Amino acid sequence: MPNLKSIVESLLFVADAPVTFDRLCTLLEEFDRGEVKEALNALQDEYGREGRGVVLAEVATGFQFRTPAENADYLRRLTKTRPVKFSQSALETLAIIAYRQPVTRAEIEYLRGVDSGGVLKTILEKKLIKILGKKDIPGKPLIYGTTREFLELFSLKDLRSLPTLKEIRDLSETAPYEQQEELPLGQSEGEGDQL
Amino acid sequence: MPNLKSIVESLLFVADAPVTFDRLCTLLEEFDRGEVKEALNALQDEYGREGRGVVLAEVATGFQFRTPAENADYLRRLTKTRPVKFSQSALETLAIIAYRQPVTRAEIEYLRGVDSGGVLKTILEKKLIKILGKKDIPGKPLIYGTTREFLELFSLKDLRSLPTLKEIRDLSETAPYEQQEELPLGQSEGEGDQL
Amino acid sequence: MSGDGNLDLYRDEEAASYTVKLEVFEGPLDLLLHLIRKNEVDIYDIPLSIITREYLDYIKMMKELNLEIAGEFLVMASTLIQIKSKTLLPMPADEESTEEEEEDPRAELVRRLLEYQKYKEASISLAERDMLGRETYARTFLSPELAGMQPEEEPVEVELFELIEAFRKVLDRVSEESFHEVGAESITIAERINEILSLLEGKESLLFDELFPENFNRDFLIATFLAVLELCKLKMVKVVQANRYGSIWIQPAVMEGEDAVADAES
């Protein structure tokens with residue numbers, strides 16, 4: 001016997017946008033609208049109690065769990081140190097520097113085919129790369145390499161522990177067994193019956 | 001006077017990944033750890049009651065609100081995403097890596113008896129395993145281990161909460177092995193995201 | 001052929017039209033375990049004649065169905081035949097039987113089967129757990145409460161595999177000739193370059209011999225030489241010798257300074 005109140009609670013919790021009553025009834029077509037309404041009311045009572053960290057808000061577009069305004073300051077702390085995902089361009093640039101160091105901005109841009117100044121600045125600020133010096137060619141461009149922080153980020157002992165492209169490519173190759181010779185399958189047939 | 005239980009509830013609710021107890025204490029530095037622990041315990045009691053549509057789970061060394069398994073069918077209607085399906089080879093490889101990490105590809109293949117490069121690449125791409133570095137033996141093979149995402153996916157608190165490996169003495173007597181035939185090995189194609 | 005030895009009979013319609021039901025096995029060990037269980041025999045005393053025959057029958061059936069057979073299945077077949085022929089050999093006359101008793105030729109296979117069985121069990125219990133996105137759901141999106149807030153610090157979250165995949169994508173776009181293969185060797189050279197540069201940091205010169213620790217191996221030596229050559233080519237170091245037979249010194253050609261960092265901002 002399904003617990004409708006529990007189901008509605010789950011649905012509203014997982015939904016990434018407010019859910020209207022009609023939508024709820026459509027999702028739960030085997031229940032009648034009165035039952036759904038009842039479950040919703042029970043939830044509103046429960047989440048309406050004093051001192052809850054989650055409330056069931058009814059906004060123009062439907063029902064949604066939200067946090068009460070008085071906790072907002074604490075939530076802000078959560079975002080202070082939110083881990084960020086690298087953009088593909090940052091990842092590419094970092095990879096080129098890791099595997100080709102020491103390398104100049106012009107070389108990076110040649111490989112990537114796009115301007116990489118902004119991205120270089122970002123990963124410099126994150127201290128994942130450093131300026132090793134200047135290349136003694138006309139224009140004296142800066143040359144870049146990775147830092148100790150880079151190794152720490154990837155828990156690498158040293159640059160030698162970086163996997164090579166070949167090692168990754170080998171993963172998707174087919175087994176070396178393919179050139180196996182034919183087995184004398186026929187000759188074994190009789191043998192098995194001997195015992 | 002801030003209501004710590006309410007604040008912790010809000011924090012766990014908006015966080016998009018499990019929050020460890022230590023992280024919680026750092027975020028709430030003006031409270032002492034004992035108080036935070038108490039608030040957390042009170043929440044666990046509250047969300048542990050019968051018939052809740054949201055439960056407070058302990059996964060990947062942190063705390064996270066999740067929905068109970070009995071509501072899964074209804075939630076599927078909302079998310080419309082087909083549940084993740086794993087091939088037996090992905091599961092076997094994951095199990096070996098989980099229990100034997102750090103482990104090399106050669107070790108995995110010896111244990112499974114088949115080439116596992118392709119499946120390794122797939123679960124690397126899914127971020128369920130990661131490259132830990134290289135083993136300090138001739139040839140310097142890559143070594144693999146499981147990720148936080150692995151723990152989150154399988155609702156594991158940490159690697160210690162993996163069920164202990166059973167040493168099976170006699171195949172023909174063991175009940176668990178009997179279930180092998182019921183594994184939906186063939187019926188997986190088409191539906192779901194096969195790994 | 002599937003690299004995993006995953007022989008899925010019902011992958012295409014042609015195969016599905018066969019009425020024979022062939023079970024799918026992960027590999028030879030999986031198939032052997034199945035045969036042992038099916039015949040209800042003791043894994044510590046495998047009747048090789050029966051098991052080998054059934055194993056080969058299975059492979060023969062796959063051949064008849066024109067299924068590709070993973071090489072590992074064939075390797076195991078020959079192993080089985082080998083072990084079987086050993087067990088069929090008459091025991092040598094007991095003259096030298098005082099020596100340690102020879103191990104059962106099946107022992108290694110039994111060990112592997114038991115070990116494999118252990119992980120197969122583990123994989124089954126993994127699959128039975130409440131899986132995120134299957135039995136249990138969490139909020140994985142950014143809450144509206146946090147949407148407008150800009151993080152102050154940004155610890156980076158990235159896996160090594162993502163880094164190398166990004167590099168692979170770059171290489172895929174660039175022609176082969178303009179980019180020689182990146183192997184372990186160039187990593188070592190890059191590493192030595194960094195080490196030499198950090199050794200040079202804040203110094204006016206460095207004795208060439210200092211680059212070689214007491215017990216270096218040949219690869220290390222080559223990498224160090226190539227690193228010094230690369231640094232010369234980049235004009236980052238100068239190699240000088242005080243007199244014809246004197247010590248060789250390495251000097252930084254460009255001093256790293258505050259202005260270098262400032263330039264990066266541009």
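Because only heavy atoms are used, hydrogens play no part in the values below, and waters and symmetry mates are left out as well, while side chains stay in. What you see is a predicted model; the values in this text were computed from it and never measured. Sequence lines set the chain letters: A, B, ... in the order given, protein chains first and strands last, and positions in each chain run from 1.
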I'd like to know whether CD of C/Glu204 has more than 12 heavy-atom contacts from other residues, nucleotides or ligands below 6.0 angstrom.
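For C/Glu204, atom CD is not crowded (no more than 12 foreign heavy atoms under 6.0 Å).
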
**OP:** Please state whether the side chain, the backbone, both or neither of A/Ala17 comes within less than 4.5 Å of a heavy atom of chain C.
**Re:**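 Interface part for A/Ala17: neither.
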
From C/Arg168 atom CZ to A/Tyr99 atom OH, the distance as rounded to the nearest 0.5 Å =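 Between C/Arg168 CZ and A/Tyr99 OH, I get 12.0 Å after rounding to 0.5 Å.
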
Does any heavy atom of chain A fall under 4.5 Å from the side chain of C/Glu54, the backbone, both, or neither of them?
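Interface part for C/Glu54: neither.
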
What part of A/Ile143 gets within 4.5 angstrom of chain C, counting heavy atoms only: side chain, backbone, both, or neither?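 The side chain, not the backbone.
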
inquiry  = Given heavy-atom pairs under 4.5 angstrom as the criterion, report whether the side chain, backbone, both or neither of C/Leu163 touches chain A.
reply    =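 Both backbone and side chain of C/Leu163 come within 4.5 Å of chain A.
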
Q) Picking from A/Pro102, A/Ser155, A/Gly145, which has the most non-hydrogen pairs under 4.5 angstrom with chain C? A)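 Sorted descending by pairs with chain C, the first entry is A/Pro102.
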
Is C/Glu165 close to A/Ile168 at the side-chain level, that is, under 4.5 Å between some pair of heavy atoms?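 Heavy-atom side-chain distance check passes, below 4.5 Å.
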
Worksheet item: Side chain, backbone, both or neither: which part of C/Leu160 has a heavy atom under 4.5 Å from chain A?
Response: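 For C/Leu160, heavy atoms of backbone and side chain both lie under 4.5 Å from chain A.
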
Check your understanding: Checking A/Leu120 against chain C: side chain, backbone, both or neither under 4.5 Å from a heavy atom?
Key ->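 Neither part; nothing is under 4.5 Å.
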
Contacting region of A/Leu91 [heavy-atom separation from chain C under 4.5 Å] =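 It is both, since atoms from each part get that close.
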
Item to complete: Using non-hydrogen atoms and a 4.5 Å limit, figure out which bit of A/Gln64 sits close to chain C: side chain, backbone, both or neither.
Response: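 Only the side chain of A/Gln64 comes within 4.5 Å of chain C.
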
For the residue pair A/Phe13 and C/Ala138, what are the closest heavy atoms and their distance?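 Smallest heavy-atom distance, with atoms named: CE2-CA, 4.2 Å.
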
| field | Shortest non-hydrogen separation from C/Met236 to A/Leu132 and the atoms involved | value |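 Closest approach of C/Met236 to A/Leu132, heavy atoms only: CE-O, 3.8 Å.
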
>> Please identify, among A/Asp158, A/Asp16, A/Val14, the residue contributing the most non-hydrogen atom pairs under 4.5 Å to chain C.
In response: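 The option with the most such pairs is A/Asp16.
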
Using non-hydrogen atoms and a 4.5 Å limit, figure out which bit of A/Thr146 sits close to chain C: side chain, backbone, both or neither.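 Both backbone and side chain.
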
